[in-house]
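The model shown is predicted, which means the values in this text are computed figures rather than measured ones.
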Amino acid sequence: MDADAFAFTGLDIIEQRLRRNAARIGYISLQDRTVRGADEPVGRFDFDEADAAPYLEPGPRASDDDTPADLDDLPDVEPEERAGDLTPEAIASAACRWLRETAANNTVGERSRRFRVRVFAPKANNFIFSATFVCHNEADDGDPDDAPLRLPDLPAPSWDQAVTDATMKPLRALGDGYAQFMKLVMATVGQFQGLNNSMHSRQHRQLREAQDQVEQLVASILEFRAAQVEAQEQRKADEHSSDARTELARHAIKQLGDAAQAFVLARGLPPDLAEVFGALGASPELMATLRDPSVRVLMKDPDNLRGLATMLRAAGAQAAAVQAAANGANATTAEPTPTQAAAS
């Protein structure tokens, strides 16, 4: 293979960027993208001593027939760079030689091929840059292995063929336009359908959540009403029990009064005094006062009894006077005076 038959377009700029970013590069990958949209991996070069070692020696290495001569134009590698302590710039130079040799080997037998270089940081943590270049095979016609492929001479198109082509091209373009339009319409419809489905799903979820909240609210209201009814029933039961106890106490007091009155009558007391003693027995506070030892000591003194009688008599007279005054006021209000009668 004649190395002078290979020329590169756009590779010089890529090599400059490789040397400038050598310290940041982890590896580069080479892809054949002669057919656009169908990139085919060609190789990978890691920025380490293992991959750089075969390309540190400038000029031909394995065979003069397999190495392009223009690789010698790259900067020479100093001996200390091959001793194991490689600098990033030396590895970048080796990567440039690898790019040229790999591209030339993959262009043998063809006129030209387009390649794409992708540069990554170590462990692919970051993408540094990407660029393309073209490798041209300008082999002589005398070499059958390196001669470019020649297309056979095609006959000149006839008038009918020209008319057919002129007619079919607009129709083909129109068909392609309709196909692109239908793809656009279908994509738009699909987006709208997806949006509609998402909206329906969200509304369904919100409706379900609202229904759960309503059910919880109804359950809380029913529990509150049940507790309220239970409290009312308990209050009514307590009131009924209290009324029953009050009625029993009243009945017991009445029985005690009747028993006291019967006891007094049995002792030969007058009926009017029996009524007084019955009233005295009906008052728990008065009976408790009479049972007080200090009061009983005072009752044993005749002077204290006379003072008590005087006080009771005065209180009775005062009560009678107040009752008489109240009765007179009622009579005055009920019966009109002669002046009022005459006026009426």
Side-chain angles (χ1 to χ4, degrees), residues 8-11 13-18 20-21 24-47 51 95 98-99 102-103 105-107 109-137 149 151 154 157-158 160-220:
F8 300 92
T9 302
L11 185 57
I13 299 177
I14 297 175
E15 292 175 346
Q16 294 175 6
R17 297 183 66 180
L18 288 176
R20 186 167 56 250
N21 298 279
R24 300 169 49 202
I25 299 175
Y27 68 92
I28 62 176
S29 65
L30 184 63
Q31 298 175 343
D32 186 349
R33 63 173 317 178
T34 305
V35 179
R36 188 175 299 275
D39 295 352
E40 181 180 356
V42 175
R44 167 174 167 164
F45 184 92
D46 292 329
F47 268 53
D51 285 1
W98 175 81
L99 283 176
T102 305
N105 291 334
N106 283 273
T107 315
E110 298 188 14
R111 186 72 180 209
S112 65
R113 297 196 73 85
R114 180 181 295 272
F115 297 93
R116 179 183 183 185
V117 181
R118 303 186 68 186
V119 184
F120 298 90
K123 297 182 180 181
N125 292 332
N126 190 14
F127 177 75
I128 299 177
F129 73 90
S130 174
T132 59
F133 68 92
V134 179
C135 180
H136 302 279
N137 186 359
L149 297 177
L151 296 177
L154 298 177
S158 62
D160 295 336
Q161 183 67 30
V163 172
T164 302
D165 294 341
T167 305
M168 293 301 296
K169 287 181 179 180
L171 293 178
R172 188 179 298 108
L174 181 61
D176 294 340
Y178 274 120
Q180 294 178 0
F181 176 73
M182 290 305 298
K183 289 181 180 179
L184 179 61
V185 171
M186 294 302 295
T188 305
V189 172
Q191 292 178 356
F192 277 115
Q193 185 64 31
L195 181 61
N196 190 21
N197 294 337
S198 176
M199 183 177 61
H200 284 174
S201 299
R202 184 170 61 255
Q203 290 179 352
H204 178 70
R205 184 174 62 256
Q206 293 176 354
L207 181 61
R208 182 181 297 275
E209 292 176 355
Q211 185 177 2
D212 294 340
Q213 292 178 358
V214 170
E215 292 178 355
Q216 294 178 2
L217 181 60
V218 171
S220 300

- Item | Distance in Å, L99 CG paired with E15 CD, rounded so as to fall on 0.5 Å steps | 7.0 Å
- Item | I13, CD1 atom: more than 12 neighbouring heavy atoms under 6.0 Å | no
- Note on the structure: Paired with R113, the side-chain contact (heavy atoms from CB on, under 4.5 Å) test is passed by just one of V134, V35, T107, V42, namely T107
- Task: Give, for atom CD of Q203 and atom CZ of R208, the distance between the pair rounded to the nearest 0.5 Å.
- Result: 14.5 Å
- Output the distance between atom SG (C135) and atom CG (N105), rounded to the nearest 0.5 Å. 9.0 Å
- Check: N125 side chain, A121 main-chain N or O, donor-acceptor pair, under 3.5 Å: no
- Query: So which heavy atom on H136 is nearest to which on T9, and how close?
  - Reply: NE2-OG1, 3.0 Å
- Item | All side chain to side chain contact (heavy atoms under 4.5 Å, CB included) counterparts of R116, not counting sequence neighbours | Q31, R33, D39, R118, S130, T132
- Message: Rounded at 0.5 Å granularity, tell me how far CD in Q213 sits from CD in Q216.
- Response: 7.0 Å
- Query: side chain to side chain contact (heavy atoms under 4.5 Å, CB included) with E215: which residues, sequence neighbours excluded?
  - Reply: Q211, D212
- Considering residues at least two apart in sequence or located in another chain, which fulfil the side chain to side chain contact (heavy atoms under 4.5 Å, CB included) criterion with N196? M199, H200
- So ring-ring contact (aromatic ring centres under 6.0 Å, His included) across residues 112-134, not counting sequence neighbours, yields Y27-F120, F115-F133, F120-F127
- Message: Just to verify, what does D51 make a salt bridge (charged side-chain N to carboxylate O under 4.0 Å, His left out) with, not counting sequence neighbours?
- Response: none
- Query: What do the steps show when you test Q193 against N197 for side chain to side chain donor-acceptor pair (under 3.5 Å), and what is the final call?
  - Reply: CA-CA 6 Å; Q193 185 64 31; N197 294 337; 3.1 Å; yes
- What residues, two or more places apart in sequence or in another chain, satisfy side chain to side chain contact (heavy atoms under 4.5 Å, CB included) together with A95? I28, F45, F47
- Note on the structure: Between D32 and R114, the two heavy atoms sitting closest are OD1-O, 3.1 Å
- Message: Main chain of G194, side chain of S198: is a donor-acceptor contact present, judged purely on distance under 3.5 Å?
- Response: no
- Smallest separation among heavy atoms of A103 and L30, with atom names: N-CD2, 4.5 Å
